[in-house]
Amino acid sequence: MEPSWNRCLASISERGVGRLKIVASGPMNLLGTPLINDLRAALASLQSAGELRTLVLCGDGDRAFVGGADIKEMAGLNQSSAESFISNLHDLCEQLRQFPVPVIARIPGWCLGGGLELAMACDIRIAAEEASFAMPEVRVGIPSVIHAALMPRLLGSSRASWLILTGETITASTALSWGLVNQVVPLAQLDAEIDNVVEGFLACGAQALRTQKTLLRSWEELPLQQALRLSIAAFGEAYTTGEPQQFMQAFLDRPRTKH
């Protein structure tokens, strides 16, 4: 599967590893309406692929993951068109957040504003040491909205307030210490580190991972007792897939190390 749109390219390897890459949108991969629409269409196409095990989302080149929303387009908006624009971006981020398999954001450089919201909607964020992060919306006269709401949950209210209210930029090392990204490596090792994470996903039960991601999203919304009860049913349903029997037997049959 290698469908292409005007501004992104999607592919799935024989092992079920998906890759969604922004192309032809400039070195900062800015989120204008045409790119948002293409990404939404690509995600819808990828989501229907039953063989998909994980997805890597990346920009074009190493200058940026996504440098934010396209200010040239936003400068011409009015109240009505602004709500339409941000609703479309919301829907894109939510497609990623609810995507059925784990999504990895590849972050080599700038990750700003709407681009950071896009990254936060992914499950795993792996950044290069050169990467920088900011929510600079207040500096151009607009509030940070939609999936910026994830930030207090990820970072805590104090750090989220700092980023969102000041618009200041933080380094990759700070982003790691704050819990905004999962791993930071030298740029030359970025793809190898992503491959390591991908291999970990491929070693897991495909249906188990899909169920686990669904549970994670549900846990964010449900009261604790409801989440616990939902988990019990999901645990039982896992045994209808055959994966527990397969993986547990392989564990029991593994060569034993003598001490």
Side-chain angles (χ1 to χ4, degrees), residues 1-25 29 31 34-62 64-66 88-89 91-109 111 115 117-128 147 181-183 185 187 189-217 234 237-238 240-244 246-247 250:
M1 174 186 178
E2 292 188 353
S4 63
W5 290 261
N6 290 333
R7 294 167 180 81
C8 62
L9 177 66
S11 64
I12 301 178
S13 75
E14 293 181 355
R15 303 177 72 201
V17 179
R19 189 174 183 89
L20 179 55
K21 181 179 181 180
I22 296 169
V23 296
S25 291
N29 304 311
L31 292 168
L35 174 57
I36 293 171
N37 289 340
D38 279 0
L39 287 170
R40 290 186 61 191
L43 285 169
S45 178
L46 288 164
Q47 184 168 339
S48 66
E51 73 272 24
L52 190 65
R53 303 285 300 275
T54 187
L55 177 66
V56 179
L57 177 64
C58 54
D60 191 5
D62 290 335
F65 169 64
V66 172
N88 201 21
L89 181 53
D91 292 345
L92 169 61
C93 292
E94 197 61 13
Q95 273 183 276
L96 279 173
R97 201 174 74 88
Q98 300 292 347
F99 202 72
V101 299
V103 181
I104 303 168
R106 178 190 185 274
I107 308 174
C111 185
E117 291 167 29
L118 201 67
M120 288 190 293
C122 298
D123 301 288
I124 304 292
R125 289 164 291 280
I126 301 179
H147 287 68
V181 298
N182 300 93
Q183 299 285 351
V185 296
L187 180 59
Q189 299 175 22
L190 182 58
D191 290 321
E193 182 62 28
I194 290 172
D195 288 344
N196 287 336
V197 176
V198 165
E199 288 298 322
F201 288 144
L202 294 178
C204 299
Q207 292 304 313
L209 267 182
R210 285 174 175 255
T211 299
Q212 192 66 77
K213 178 159 182 181
T214 299
L215 284 172
L216 282 168
R217 295 292 84 85
E237 289 171 4
T240 68
T241 69
E243 287 185 352
Q246 174 190 348
F247 282 84

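For reference, positions follow the sequence shown, starting with 1.
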**Asked** Crowded around R15 CZ? As in, over 12 foreign heavy atoms under 6.0 Å?
**Response** no
**Prompt:** For the residue pair A105 and C122, what are the closest heavy atoms and their distance?
**Reply:** CB-SG, 3.9 Å
**Asked** What's the shortest heavy-atom distance between L46 and F99, and which atoms?
**Response** CB-CZ, 3.9 Å
**Asked** How about P100 and K213: do any of their side-chain heavy atoms sit closer than 4.5 Å?
**Response** no
**Prompt:** What is the distance from atom CG of L39 to atom CG of D91, rounded to the nearest 0.5 Å?
**Reply:** 13.0 Å
**Request:** Tell me, with the steps shown, if T241 and Q246 meet side chain to side chain contact (heavy atoms under 4.5 Å, CB included).
**Result:** CA-CA 10 Å; T241 69; Q246 174 190 348; over 6 Å; no
**Side-chain donor-acceptor pair present, R40, Q95, cut-off under 3.5 Å** = yes
**Asked** CG/L89 to CD1/I36 distance, rounded to the nearest 0.5 angstrom?
**Response** 4.5 Å
**Asked** Checking side chain to side chain contact (heavy atoms under 4.5 Å, CB included) for the pair E117/V66: CA distance, chi angles, key distance, verdict?
**Response** CA-CA 10 Å; E117 291 167 29; V66 172; over 6 Å; no
**Prompt:** Which of these, I12, V56, L9, sits in a side chain to side chain contact (heavy atoms under 4.5 Å, CB included) with R19?
**Reply:** V56
**Asked** Going by heavy atoms in the side chains, are V101 and R53 under 4.5 Å from each other?
**Response** no
**Item:** Polar side-chain atom of T54 near backbone of V198 as donor-acceptor pair, under 3.5 Å
**Value:** no
**Asked** Is the closest basic N to carboxylate O distance between R97 and D123 below 4.0 Å?
**Response** no
**Prompt:** Please walk me through it: do D60 and R7 pass salt bridge (charged side-chain N to carboxylate O under 4.0 Å, His left out)?
**Reply:** CA-CA 10 Å; D60 191 5; R7 294 167 180 81; over 6 Å; no
**Request:** Show your working on side chain to side chain contact (heavy atoms under 4.5 Å, CB included) between N37 and L92 and close with a plain yes or no.
**Result:** CA-CA 8 Å; N37 289 340; L92 169 61; over 6 Å; no
**side chain to side chain contact (heavy atoms under 4.5 Å, CB included) between L57 and L118, intermediate numbers included** = CA-CA 10 Å; L57 177 64; L118 201 67; 4.1 Å; yes
**Item:** Interatomic distance, T240 atom OG1 to Q207 atom CD [nearest 0.5 angstrom]
**Value:** 9.0 Å
**Request:** Might you point out which heavy atoms bring C8 and V23 nearest each other, and give the distance in Å?
**Result:** N-CG2, 3.6 Å
**Request:** Measure the spacing between CD1 of I104 and CG of L20 and express it to the nearest 0.5 Å.
**Result:** 13.0 Å
**Prompt:** Any idea which heavy atoms bring V181 and A127 closest together, and the distance?
**Reply:** CG1-CB, 4.3 Å
**Request:** Nearest 0.5 Å please: distance from the CD1 atom of I194 over to the CD atom of Q189.
**Result:** 12.0 Å
**Request:** May I ask you to test the F201-L209 pair for a side-chain heavy-atom distance under 4.5 Å?
**Result:** yes
**Prompt:** P108 versus F65: any side-chain heavy-atom pair under 4.5 Å?
**Reply:** yes
**Asked** Quick one: side-chain contact (heavy atoms from CB on, under 4.5 Å) partners of Q183, sequence neighbours excluded?
**Response** I126, E193
**Message:** I need the minimum non-hydrogen distance between A119 and R125, along with the two atoms involved.
**Reply:** O-NH1, 3.1 Å
**Request:** State whether the side chain of E243 and the backbone N or O of A208 hold a donor-acceptor pair below 3.5 Å, judged by distance alone.
**Result:** yes
**Message:** Looking at every non-hydrogen atom in both residues, tell me the closest pair between L190 and A128 and how far apart they are.
**Reply:** CD1-N, 4.0 Å
**Fill in**
So CD1 of I22 and CG of D38: to nearest 0.5 Å the spacing works out to 10.5 Å
**Asked** Taking C-beta and beyond as the side chain, do L55 and L43 meet within less than 4.5 Å on heavy atoms?
**Response** yes
